[in-house]
Each structure stands twice: as structure tokens, then as C-alpha cells.
Amino acid sequence: MVTLPLDVYRRLCNFLNIIKMDKNKHLDSVISTHQITKEETLFDKYVKKKNEVKEALEEKYRNNIYSPFNSGSYAKNTAINTKFDFDLVSPFKRNAFGSNGTLKEMYEDVYDFLYEKYREVAEVKKQKVSIGLEFYTDSDGDIIKIDVVPGRELSQDQYKENENLNLYVYYRYGNIDAGSERIKTNVKAQINNIKTRATAEKDSIRKIIRLLKVWKNTKHNYPTKSFFLELITMKAFDNKTITGGIWDKLEAVLEYIRDNVTKDGFTLKDPGNSSNNLADTLTSYEKQQLSNDMKNMLDRIKDNDENLKTYFPENSKFKKEETNNNQYGTNSGMPIPPAKLNFG
Amino acid sequence: MSQRVNEINAAIESIPDVEIVKPFEQGNIDIDGCLAVFVEGLEKPLAFNVTIHPQYPFKRHETETIKFSNDDLIEHKHIMQNGVICIHTAHSPILSQKLVYDIESVKAWIRKYYINKDSDSHYEHLIVPQKAFNGNHYVYFFNEVNYRFIKHEYGFVVYSIMNNGVFYKENIQSSIFQAFLNKDWKKIVEVDWNFQLKMLHKNIGLFIFLKEAPSKNQRWVFNDWKDFDILLPQDFLKFLHSVEKRHVKEKGKMLPLFVGYNISETEIYWQSIILEIGNFPIYGEKINKQWLTKIEEERTIDWAMTRNCSYKYFFGRGRLSDRITENKILIIGIGAVGSILAKTLVRCGCRKLGFIEYDVKEPENVCRSEYSFFSGITNKTNDLINELCLISPFFQPINGGYDYSEAFDFFIKSHLANTSIKAEMEKHLEDYDIIIDCSADNDLLYVLSQLKIKSTLLNLSITNHAKQLVCASEKNRYDFITSQFGGNILKFDVDDLHNPTGCWIPTFKASYNDINFLVQAAIKQINTKFEQEKTLRNFVIETDDTNCFNINIKEF
């Protein structure tokens, strides 16, 4: 059995330790390896599937539905290529489920329809305010996930005027109880709000949102929604003077979340309806967990810069190409460490 | 009179509400006297004979070396059969101070059990004399069964001898209940234990369920057979007679009889009596032209010992969170870390465990893992299952043989690109609620990170000299582990690995103490998170022995 001799390995480690990691360079690489344009084929599959679902809904509900639209991160310019958020908002007319039809009936009807239509090719799940379609792995090994968000206009033809919708809360959503009849919101206003700022402040807000999404994607079923991270990032920029390199900005946002999210009276206004407080989408425990996670992250990165890579990994699929192009980081051309150093 | 006796008399005289009835005097070994204690609420002081042993004021084997007795108080709670009241008092090395404490305890006993007649919320088991039968003690372990006995139901108990041991200075035989059969030998209910216990040689005993405890005062078990006179139905006595007749050739052999009774609405306790074939305490008597079986009333009952070993008592002193113990767990890799983990889980109440390990146990593995020298060279999976069966009667190995381990490694690593086999593997693994990879196999770590499984997946590994332990619990576990051990984060010695004789991969150096300490700390962190229903994050346990030994758990 041949392994790299230990003395060579030690010299290599020492060498690597001398070169201090450049956090800004790493984070830039994280963002560039997560660019959505790098996954065009997969992205196209998502778009195609989204369109299929949209057409199916339009065909089923015909005159009772306005045009469904994508409200996910792509629409907001904050997407990353390891997790496409495709949320298909389906705006129903006021009387789509009868003049006395409830939002619950709307939610159940859409679920029943999607279940019948897709049950053989996808897992169809009831989620907090949406219905999740997780298509089984295709021949390329890809899994497409589309969340359908049913919403209903508040009164007949009002959607055409202001695009406000009522959503139904199926599962307990933070502090919002399951079965709540409605969350009134304007999804298009939400999209535009974030898109405008993310595009205008692309070197700060957009990058930080994308990094937070990369971080969230290192966790299983993190309770904090991407929308929450988008809003809290914007709020951090509004409330703190955030300048410097990308790491300085990220650090400032992480500190803001750590210090503020658990405070009494902390609010995150829904750009689609200022009377909605997005902070209510997390329970006190979930807010504490978010704050703790920020604290742990900051502490561990302070312990050792290298820990940054654990929280914000590059997309390894595109890493090689990147490092060759821009000679990023300390491991360009370096051999991978030898022999086992972890034991059981 | 010795100075010690004088000191005792003087100390007691100075205690308020206590009067010396008979001054303390030195006996052959002990110092004896009599005193009266008054407590508000009493009409007159209560007298106690007091014996003070030579060890006083120190305890002997956690029992007090001063005895306060009064035969007239025997019907009250917390009084032994010899009239001695049960007290447990504070420590003091000063005789006069200790006497104050002890007499204060006597006063507390008088208030609680004599004046107020309190009873304790927990059930007090009947006091059974621990007497040997023909020079041997017998103890029988029972478990709760899923069956409701009816009053006077009787039949056979199948039991197995587990071990012959030493009970202080005498021999003792420990056995377990295996099944209950009715009087026609038809199985009523099986008693659940681990598979190795179930394979033990079977013997036959008898049982009767009385419903009421065989006691006159709910404190002491019956002394003589006459106490059973009105409790044992004629049918059962005839059954005893028929059993004795059938085993006439085995005259002189012992046969246990188990007497069951309710100690709560749902809970049954079994006491055991040793019968001798050919000498059962019964005789036949013809009354009105009909033969009746009667009890030999003057015979003393030979009680043996029993223990309720059902899960809640067996693990009653402490176990892990239900979120761990009630789950089905797979441990991949049962070297030092994995075997310590497995043994801890089983000792802490886990039942359903599976193992994956292709390796064979060598003598040099014994010093820092949970294997024994005695079993020689054998597959680690087989050896660990045997070890764990010795510990917990509730351990149920799921999978874990050598063939299973080889098949697992082959399928999981060879078919990652095959979506249908991958899906099968995912389904198979999801059968476990918790999967803990202690193999330190980075290829497996990668492969597992590519699977989509809902089970809780943990990875535990340590550095050379067990300086750090890394636990990965999150989706990014592959990146986390590779970066922690990559050379730039955790600092550890890589010069000084242990090279076994032959062409083996170098292994780490660390003692059982080094490794066990880290593994226990990791289990503590995992259990705490589960118990508090908090999300378990990746964590690293770091130790530092620069000055005094320090431990630091860093959560990610």
C-alpha cells in the first residue's frame, strides 16, 4: 500500500498554514461556482417542468385562474444553482371554488388535482402554504422540485387591480397557526421589492443573499425560509453601515441576525402587505436556533478562517474550472492530503 | 466503665426530650442501653432498646451502626422484622454529634410513621427472608408479559438457569422466567429476553396467581404454610399433588413455585418458594368419603429471591433519551469508537441495534475497545453481539453478520450510479432511525453523503492520540469532515502513528481511557440535544493537556 509519506504531508500542511486563507476570494468563488448560468441544462428542465405544471393548472381551472407565475429566487435574481427555488403562485378568482368556497377548499382542491395528476411521477406533499411536487429522479439523476402556492383574490376582479392574494396556511408556520384562513399578501410586490434591491445592490445584498442560501443548503430542512433570509439581509443593510469586502459585509449581516432576530419586537415587514410580519413565520425556538447558528458560525470562523469553507462551500461541480481560471485559493495544483487521518 | 460508654451516656443525657431508661453498658462487643424519646403528639415517650456497634459513629456497608428497636412497633412502616426502625442519617465522625443526628432521625420516624401514619408514594416490596435451601440460594428474574392473569390461575413456568455464583459466603443460582404454560402444558405467554437467553436450557417450575400479596400486613411475606391455607384453592393443591406424583422418580430435587400478585392495577410481582419433590407441604385427607389435599400447616415456607427485570426497572436508574432508546440504530464500524458507542447505547437502554463491520477481532484490539480476550479471534460483529447479550436482556441485534457487512459494502459502493439499486439501498437504510458511521471510511462517508435518506445520519471519528473527536450530523458532513481532518483546521500529531506488525494501514495511538472519554462526551452532547428536542449540529470535541486536562465542545 502506497501513501504520501508523513514527512512530506507535514511539510505540505505547514506550507498551507503559512498561506493565510483569503476569505474574500473564497466567498467570490462560492458565488461564482453557484451561478445559475452554470447549470443551464438543469435550469431548463426546471423551467420546462414549471411550464407543464402551469399549463396543467390553467387547463384544469380555465376561467377560474389568473396566469400562474414563478415567485422563486430566479424571479428575484437571488438564485443559486444547487437549489432552484421554483414557487409557482397560482392566483385563483374569488368565486373559483363557489361564492362561499373557503381557502381551505381551494388548497384541498388544488392538492387533490395535483395528487391525481402527478402521483405516479412525483411525491405530492402538503406543505406550509404550498403543495410540493418532487418529481422522481430522472435518467440524469436529477430531481425537480416545484412548489405550487395557491392564492385567491380578496374580491371579484380585485387581483387585476392590485394583485393582492389570500394564502391558506396548512401546517403551523412559525407562530401562524395551521388552518389560519388567510395570509393576505402581494407576491408580485414581494418579488419586485427584492429583485429591485438585489439587482441595484448586486455586490452587497444579492451576494449576501446568495451566500446565505448556500449556507442554508448545507442543512436539512432548515426552518428559515429563503424569503426570510432575503428580507433580513435587506433589513441589516438598512439598519447598519455595512461596507468593506464581501466577508466584511457577510460578517456584518451574520452579526445583525445573531443580535436582532430574537429581540422582542423584532419585525420583518412583508413587502406584499405591510401588516404581515415575516418574523412570525419562525417560532421563538426557531429564531433562537437561527441566532445560535449565526453565533456558532462567527465563532468558528474566528477560531479558524478555514471553517468558512464548511459553512460556505464552493459548488465542487464547478470548482475545478474556476480554480484553473482564476488560480483561486491555496489548493490550486496542490496534491490532496494522503493517508487516513481520521480514525474510528 | 470505659470512656466511650461514659461519653455515650453523657451525650444522650444532654439531648432534649430524651431520657435514659437503662444506662448504656459495654457488652461483649456492642454497647447496649435503653432510652425513651418524646415527641410532641405522643401521650408518653416511646422506649427503644439501643445497640451501638464498635464501628459507631461510622457506618458499615452503608448501614447505621446504631440500632433502635421496639418489638411493639412492628406493625408500623419502616420497621424491620426484629423491631429495628430504619433510619438513614447524616455523616459525622464525632460520636456526640452523630448521636444527636441519629436521635433526631428517630424523632422524625416517630412523627412520620407512628403519629401521622404516613405511607410512601413508592411501592415497598414485601420483605422476604434470604435463606439458603440445602446450602444454595436461588434467585429468579422475571419480566413483564403481555397477558392478564386471572385470580387462582395456575400452571407451569418454564425457566432457565443463567449462572451459578457466590452470594456472600454461599452459593447462588440465578435463573430467568422463559414462558408461562397452563396446567395442560399449553403456552399462555412467552417472556421476552434477548435471543441468547431464549436459547438457554429449559426447566420447569409451577405458578399460581393469587392477586393478593402473600402477606398479613403488606410488609413481611408469610412465614408458614398455614398462612396460605385460605388463599390456595383445592384445585391448585390437587395440581401440586399430581405434579409431585408424576415426578416421584426425581425425589429430593427442588422445584420452584412462583406466587404472583398485583402490586398495582397493572403490575404483577412474583415471589418464589422452593419445593422439594417428595416433600411437598401437602397431604391427603378423606373427608365425607372424598379425598382432599390439605396443607401441612406447621411447615415453614422456603422462600427464594426474585427480581423484576422488566425494562423500566432494569434501566430505572438511568438511560438515554427515548428519542435514542426507542429507535432502531445501525452502527457502521465497530472498532474502538463503534464498540464503545454500541456498549454505551445498550447499557443506556437501546434495544434494536444493527452492525456493519467486516473486520476480525485480534488480541491487540482488546485493550481499547469493548471486546474480551477470552473469545480469541472471531468476527467483531459476532463478538460484540455476544458481549452485548451478556449486558442487556433486551438487546435485539437486527443485522450484523459478516456476510451482511460484506454485502452492504459491495452494494453501496458498486452501485452508486445505478438509480434503482441506490434507491433500494436508501430504502434499506431508512429502515433504521439512526445510522452512526464510526468506520472512518472516507469512501463510505462520500457514498452515504450521496444518498437521500430520512434517517438521522451521524459520523464519529477521532484524531491520533484521541486529541479531538469530530461528529458530523448535517447535510454537509462530507465537506465538514474532510475539512476538519484536512490539516488546516484541527492540529494533531501525524508523526507518531502506530504501525501494527505486517503490512497494515497505520492506526492511531490512544488508550481506552482516551477514546472512551471522547466517545462518552460525544454521546452526552448528542443525547442532550435529543432530550431537549434541539437540532444537533456538527461538533468537535477538543482536548488540551498542556497544563491540567481540559475539554472543549465546539458546535458548528
Side-chain angles (χ1 to χ4, degrees), chain A residues 1 3 6-7 9-10 12-17 19-21 134 136-141 143 214-223 285-286 288-289 292-293 295-297 299-301 303-314 316 330-331 334 336-344, chain B residues 332-338 417 419 422-423 437-442 445 452 454 456-457 459-464 466 470 473-476 479-492 494-497 503-508 510 515 533-535 537-540 554-556:
Chain A
M1 182 181 150
T3 57
L6 286 173
D7 59 328
Y9 172 71
R10 277 173 67 81
L12 180 64
C13 287
N14 289 336
F15 174 66
L16 290 170
N17 283 337
I19 308 166
K20 197 167 164 54
M21 180 193 163
E134 187 173 327
Y136 300 134
T137 315
D138 66 14
S139 54
D140 302 325
I143 298 167
V214 169
W215 163 75
K216 181 169 130 75
N217 201 32
T218 64
K219 311 277 184 196
H220 278 300
N221 301 326
Y222 204 73
Y285 168 71
E286 288 164 345
Q288 190 60 56
Q289 180 71 63
N292 291 348
D293 284 337
K295 182 186 182 304
N296 285 340
M297 199 187 320
D299 289 350
R300 297 293 81 84
I301 295 167
D303 289 345
N304 191 321
D305 288 351
E306 287 286 331
N307 281 326
L308 184 72
K309 293 177 181 171
T310 301
Y311 293 108
F312 301 97
E314 294 159 286
S316 55
T330 57
N331 60 351
M334 285 292 169
I336 292 164
K340 267 169 64 70
L341 294 172
N342 52 333
F343 303 99
Chain B
I332 307 173
I334 45 172
V337 172
T419 48
K422 191 177 154 197
D437 178 7
C438 305
S439 68
D441 175 348
N442 291 335
L445 169 68
K452 195 182 149 207
K454 288 178 188 143
T456 300
L457 191 48
N459 184 297
L460 295 179
S461 51
I462 55 176
T463 56
N464 194 23
V470 176
S473 61
E474 301 191 72
K475 192 178 161 189
N476 64 347
D479 288 338
F480 177 67
I481 289 169
T482 47
S483 63
Q484 290 300 311
F485 287 96
N488 290 336
I489 300 180
L490 296 180
K491 303 295 172 211
F492 48 87
V494 291
D495 270 347
D496 182 30
L497 290 169
C503 184
W504 298 101
I505 304 167
T507 184
F508 67 111
I515 304 161
E533 296 191 10
K534 288 185 176 165
T535 313
R537 295 282 178 242
N538 296 333
F539 66 89
V540 172
K554 287 183 172 176
E555 197 175 21
F556 276 72

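Per chain, numbering begins at 1; letters A, B, ... match sequence-line order.
At a cut-off of 3.5 Å, with distance as the only test, no side-chain donor of A/Asn304 or B/Asn488 sits close to an acceptor on the other residue. B/Asn476 and A/Lys219 share no side-chain donor-acceptor pair at under 3.5 Å. In this model, no donor atom of one side chain and acceptor atom of the other lie less than 3.5 Å apart for A/Thr137 and B/Thr419.
At a 4.5 Å heavy-atom cutoff, the contact between B/Gln484 and chain A is made by side-chain atoms alone. Proximity to chain B (any heavy atom under 4.5 Å) is shown, for A/Tyr136, by neither the backbone nor the side chain. Looking at A/Asn221, neither its backbone nor its side chain comes within 4.5 Å of chain B, counting heavy atoms on both sides. B/Lys422 does not touch chain A: none of its heavy atoms, backbone or side chain, sits under 4.5 Å away. Heavy atoms of B/Ser439 lying under 4.5 Å from chain A belong exclusively to its backbone. In this structure, chain B has a heavy atom under 4.5 Å from the side chain of A/Asp303, while its backbone stays farther away. Heavy atoms of B/Ile334 lying under 4.5 Å from chain A are absent altogether.
Closest heavy-atom contact between A/Asn342 and B/Ala440: O-CB, 3.4 Å. Nearest heavy atoms, A/Tyr222 versus B/Arg537: CE1-NH2, 3.1 Å. The two residues B/Thr463 and A/Phe343 come nearest to each other via the heavy atoms C-CD1, 4.2 Å.
Residue with the most contacts toward chain A among B/Asn464, B/Thr507, B/Thr535: B/Thr535 (heavy-atom pairs, distance under 4.5 Å). Annotation: maximal heavy-atom pairing with chain A below 4.5 Å, among B/Asp441, B/Val540, B/Ile462, B/Thr482, occurs at B/Ile462. Chain A forms the most heavy-atom pairs under 4.5 Å with one residue out of B/Lys452, B/Lys534, B/Lys475, and that residue is B/Lys475. Listed options A/Ile143, A/Asp293, A/Asn292 were ranked by heavy-atom pairs under 4.5 angstrom with chain B; first place goes to A/Asp293.
With respect to the salt-bridge test (charged N to carboxylate O, under 4.0 angstrom), the residues B/Asp479 and A/Lys309 do not qualify. Between B/Glu555 and A/Lys295, no side-chain nitrogen of the basic residue sits less than 4.0 Å from a carboxylate oxygen of the acidic one, so the salt-bridge criterion is not met.
Rounding to the nearest 0.5 Å places CG of A/Leu341 at 8.5 Å from CZ of B/Phe485. Separation of atoms CZ (B/Phe556) and OG1 (A/Thr310) is listed at 6.5 Å; rounding is to 0.5 Å.
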### Task
Evaluate side-chain contact (heavy atoms from CB on, under 4.5 Å) for B/Glu474 paired with A/His220, printing each intermediate quantity in order.
CA-CA 7 Å; B/Glu474 301 191 72; A/His220 278 300; 5.7 Å; no
